Amino acid sequence: MTDSTSPAPPSNPYLVLASAIALPGSGHVMLGLPARGLQFLFFMVILGWVTTKVAPPDASFIGRHAGGFLIYALSILDAYRIARIRHSVWAHSTRPDSDGAAGGAKADI
């Protein structure tokens, strides 16, 4: 007898990626990690502010806010990585030949 209750599919990693690019922190909110998204947003603002104070006056906009852009890029990568891992784990656990356990050996060996 098979178990017909399979776990719900996680968010599409590409949708999480697009969301994280469009609005900082929203990718983490889609993944159910709003505190992590808020932390990234907080450090993005703080490091953006710090680099405006440290950067020379003739630096470009990107140069003056480089710390914030760095955290923004790390936030995008982090949200996408979490989404890809969750999707891969879900895809592996719903395979017909999967036993649902951590081991990859079939039961009828």
Side-chain angles (χ1 to χ4, degrees):
M1 189 186 320
T2 62
D3 186 11
S4 64
T5 59
S6 61
S11 300
N12 184 344
Y14 296 120
L15 186 60
V16 171
L17 177 65
S19 175
I21 290 171
L23 187 64
S26 64
H28 290 96
V29 172
M30 284 184 67
L31 293 170
L33 302 168
R36 189 176 183 104
L38 192 61
Q39 289 171 350
F40 271 108
L41 194 58
F42 174 75
F43 282 107
M44 190 182 318
V45 170
I46 294 298
L47 282 175
W49 179 78
V50 167
T51 53
T52 59
K53 301 300 178 190
V54 175
D58 60 339
S60 67
F61 178 80
I62 301 292
R64 284 193 314 266
H65 298 88
F69 285 116
L70 171 71
I71 302 300
Y72 173 61
L74 292 175
S75 170
I76 292 170
L77 293 174
D78 184 64
Y80 181 66
R81 179 187 60 89
I82 293 170
R84 284 297 301 240
I85 289 171
R86 286 184 180 181
H87 189 270
S88 296
V89 167
W90 172 79
H92 177 74
S93 68
T94 58
R95 284 192 338 213
D97 62 339
S98 173
D99 60 354
K106 292 183 180 179
D108 60 351
I109 293 182

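Numbering starts at 1 and runs along the sequence shown. Because the structure is a prediction, the values reported are computed rather than measured.
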message: Using the side chain to side chain contact (heavy atoms under 4.5 Å, CB included) definition, which of the options T52, V50, T51 pairs with V54?
response: V50

- line: Here the gap from R84 atom CZ to L77 atom CG, rounded to the nearest 0.5 Å, amounts to 13.0 Å

statement: Taken to the nearest 0.5 Å, the spacing of F43 CZ from L74 CG works out to 12.0 Å

Beyond-backbone contact of R86 with W90, side-chain heavy atoms, under 4.5 angstrom: no

field: Polar side-chain atom of S75 near backbone of P24 as donor-acceptor pair, under 3.5 Å
entry: no

- request: Would you please say whether a donor-acceptor pair under 3.5 Å links the side chains of H87 and N12?
  value: no

message: Are F61 and F69 packed together at the side-chain level, in the sense that at least one heavy-atom pair is separated by less than 4.5 angstrom?
response: yes

field: Closest non-hydrogen atom pair, A59 against A55
entry: CB-CB, 4.4 Å

query: Looking only at heavy atoms, which two atoms of V16 and S11 are closest? And how far apart?
result: CG2-CB, 3.7 Å

- prompt: Shared ILVMFWY cluster between L23 and M44, side chains joined below 4.5 angstrom?
  reply: no

- request: Enter the distance from L33:CG to L38:CG here, rounded to the nearest 0.5 Å.
  value: 12.5 Å

task: State the CD1-CD distance between I71 and Q39, to the nearest 0.5 angstrom.
output: 11.5 Å

Spacing of CD1 belonging to I76 relative to CD1 belonging to I21, to within rounding of 0.5 Å: 5.0 Å

task: Over all heavy atoms of both residues, which pair between S26 and A20 is shortest? Give the atoms and the distance, please.
output: OG-N, 3.9 Å

message: Below 30° counts as parallel, above 60° as perpendicular, anything between as tilted: where do the rings of F40 and H28 land?
response: parallel

- prompt: Going by heavy atoms in the side chains, are R36 and L31 under 4.5 Å from each other?
  reply: no

- prompt: What about I82 and V29, same hydrophobic cluster or not, with Ile/Leu/Val/Met/Phe/Trp/Tyr joined at side-chain heavy-atom distances under 4.5 Å?
  reply: no

field: Spacing of S19 atom OG and M30 atom CE [to the nearest 0.5 Å]
entry: 5.0 Å

